[in-house]
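To start, the structure itself, in structure tokens.
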Amino acid sequence: MSDRRSLASDMDSYRSVSYVGGLVVIGVIYFASAKGGLALASIHPSATPIWPPTGVALAAVLLRGYRTWPAIFAAALIANATTAGSVATATAIATGNSLEAIAGAYLINQWSGGCETFSTPNSVAKFTLICVVIATPISASIGLTSLALFGYIEPENFADAWITWWLGDVTGALGIAPVIVLWASNHHHAFNRHDFVETAAVLATAAAVGLIAFSPLIEQTPGRDPLGFLVILPMLWAALRRGPRDTATVALVLAGITIWGTHMGGGPFATPDPNASFLLVLMFLISITVPSLLLSADVEVRKIAEGSLRRAHLELEQKVAERTQELQLANAAKSRFLAMASHDLRQPLHALGLFVAQLRTPLNPDERTKTIERIDATRKEMDEMFNSLLDMSRLDAGILTPKMTEFPIGRLLQKIETAFDQATQKKGSAATRQAK
């Protein structure tokens, strides 16, 4: 009993340490991404057009459960308290960030399949709708309302700041959460050499296209602007060939290069107004990410359906082959049965011929009567043989059900005597004549 208690205590300690360690890791990642996003703020230090922590928090709650909210709250509180505003506004913002993740994850779990939300076009559309319309407005509304109440934002800037905050959270949810969820899900870990090579190729292509189209290292000219459309190539490649996981990863690679290029003043989205530039980037990223995820989910569903159809076809072919073999064996058995039946029918017919020939000879009344009785018994035996043949056909058709019964063996022996007596007597007579 003490050993069991000790083991249970050790398990509880391990779970507690694992839980706390998970919260620390989530909090550190959230804090680092929050500081990176806040560095791009322009309208207000707390309102940034790029907010990756939303995706980190949403993925953490989907993967680890609602118990991760303390890490999100604490990391958001520290990040905002060390940036601008007061402890009260930082607390309100952290509350909004936590509620955003919890509400979004809850609705995704209830309506969109949880971590399986990227497996079908319908669930991807629900995921997008939940993130854009329901979850992300929570954080923007609570955060900016607290800033306005404490006088940290001008009323005339509230609408622009709200839109910037909201779109930044939308980009984080749509760009970061799918990558983390898809790579962390167990059934997405399978990798062979061909998959690895193709995934590396599509990611390298995305990076090359991003650098060519958006890199600040290349001078931006009017002739370079259309190169941004080249992002369609790696996105389609990933969506049609590699599935949702690689599609989301390619979108994240392109997003990182685009944001870096725009922040450095390069690429087709760079304008004198940094906030307007990043809003253009957000619209661009949303326009390539959501349709690509929808397409990749549709292709994945079709691949699964084709695989199921292929397996069903193989199973059907196997069943047809087995059934054909059974029919061949049954036909062979029928052929053997008919051969045996025809052989067995010859014996009573032969006996009848002998009995009829015997009737043509002079016989005393007792012998004639006995011969007639044998003819009648042989006839009955032939009737039973024909009935047996009919029973066999009924058994094959499923009309007749076999029934095991006991019968006196004397009747069988009498039939054998009737069938073979005359023939043996004739052969015996012939053998006697030959001996003489």
Side-chain angles (χ1 to χ4, degrees), residues 18-19 21-37 50-76 79 97-98 100-109 112-120 123-124 126-128 130-132 135-136 139 168-191 199 202-203 206 235 238-239 242-259 282 285-286 288-290 292-294 296-297 300:
S18 177
Y19 171 65
L23 292 184
V24 171
V25 172
I26 293 171
V28 170
I29 296 174
Y30 189 98
F31 178 80
S33 60
K35 281 299 185 180
I50 306 294
W51 188 245
T54 295
V56 174
L58 183 59
V61 178
L62 284 173
L63 293 169
R64 300 296 299 270
Y66 304 107
R67 297 191 306 164
T68 57
W69 73 266
I72 299 169
F73 179 84
N97 291 339
S98 301
E100 174 186 63
I102 293 173
Y106 175 80
L107 294 176
I108 292 169
N109 286 328
S112 187
C115 292
E116 301 293 327
T117 188
F118 306 105
S119 59
T120 66
S123 59
V124 171
K126 289 180 180 179
F127 170 82
T128 304
I130 291 170
C131 292
V132 174
T136 52
S139 177
D169 285 11
V170 168
T171 304
L174 298 181
I176 303 296
V179 177
I180 298 175
V181 171
L182 289 170
W183 279 97
S185 298
N186 290 331
H187 64 283
H188 288 287
H189 281 305
F191 240 132
T199 296
V202 71
L203 292 177
M235 294 301 299
R242 300 302 309 143
R245 178 182 61 189
D246 288 2
T247 302
T249 308
V250 167
L252 181 62
V253 170
L254 291 171
I257 295 175
T258 306
I259 292 170
L282 299 185
L285 296 178
I286 293 172
I288 65 170
T289 301
V290 175
S292 298
L293 286 175
L294 288 169
S296 65
E300 198 74 5

Item to check | From CD1 (I102) to CG (N97), nearest 0.5 Å | outcome: 11.0 Å
Item to check | Plane angle bin for Y66 and Y106 - parallel if under 30°, tilted between 30 and 60°, otherwise perpendicular | outcome: tilted
Checklist entry - Are any side-chain N or O atoms of S123 and backbone N or O atoms of T117, one a donor and one an acceptor, separated by less than 3.5 Å? => result yes
Checklist entry - Between the side chains of E100 and T54, does any donor sit under 3.5 Å from an acceptor? => result yes
Checklist entry - Rounded to the nearest 0.5 Å, how far apart are CG of L285 and CG of L254? => result 8.5 Å
Item to check | Spacing of CG belonging to L63 relative to OG belonging to S185, to within rounding of 0.5 Å | outcome: 6.0 Å
Checklist outcome for this item: When rounded to the nearest 0.5 Å, the distance separating CG of L62 from CG of N109 is 5.5 Å
Checklist entry - Is a side-chain N or O of S139 found less than 3.5 angstrom from the main chain of T136, in a donor-acceptor match? => result no
Checklist entry - What are the two closest heavy atoms between A251 and T289, and how far apart are they? => result CB-OG1, 3.7 Å
Next on the checklist: Please determine whether side-chain contact (heavy atoms from CB on, under 4.5 Å) holds for the pair L174 and I286, giving the CA-CA distance in whole Å, both sets of side-chain angles, and the decisive distance to 0.1 Å.
Outcome noted: CA-CA 7 Å; L174 298 181; I286 293 172; 4.3 Å; yes
Item to check | side-chain contact (heavy atoms from CB on, under 4.5 Å) between T247 and M235, worked out | outcome: CA-CA 6 Å; T247 302; M235 294 301 299; 4.1 Å; yes
Item to check | Point-to-point distance, once rounded to the nearest 0.5 Å, from CG of L107 to OG of S112 | outcome: 10.0 Å
Checklist outcome for this item: Shortest non-hydrogen pair, F118 vs A297, comes out as O-CB, 3.8 Å
Checklist entry - Which atom names give the shortest non-hydrogen contact between I72 and A101, and what distance separates them? => result CD1-CB, 4.1 Å
Checklist entry - Can W183 and D246 be said to form a side-chain contact (heavy atoms from CB on, under 4.5 Å), step by step? => result CA-CA 9 Å; W183 279 97; D246 288 2; 4.0 Å; yes
Checklist entry - How close do R64 and G22 get, heavy atom to heavy atom, and via which atoms? => result NH1-CA, 4.1 Å
Checklist outcome for this item: Nearest heavy-atom contact between W69 and S98 is O-OG, 4.1 Å
Item to check | Residues L203, V250; criterion side-chain contact (heavy atoms from CB on, under 4.5 Å); working and verdict | outcome: CA-CA 6 Å; L203 292 177; V250 167; 3.8 Å; yes
Next on the checklist: Less than 4.5 Å apart, side chain to side chain, heavy atoms only: is that true for F73 and T68?
Outcome noted: no
Checklist outcome for this item: When rounded to the nearest 0.5 Å, the distance separating CD1 of I130 from CG of L58 is 9.0 Å
Checklist outcome for this item: Tightest non-hydrogen contact, residues A239 and S292, listed as CB-O, 3.8 Å
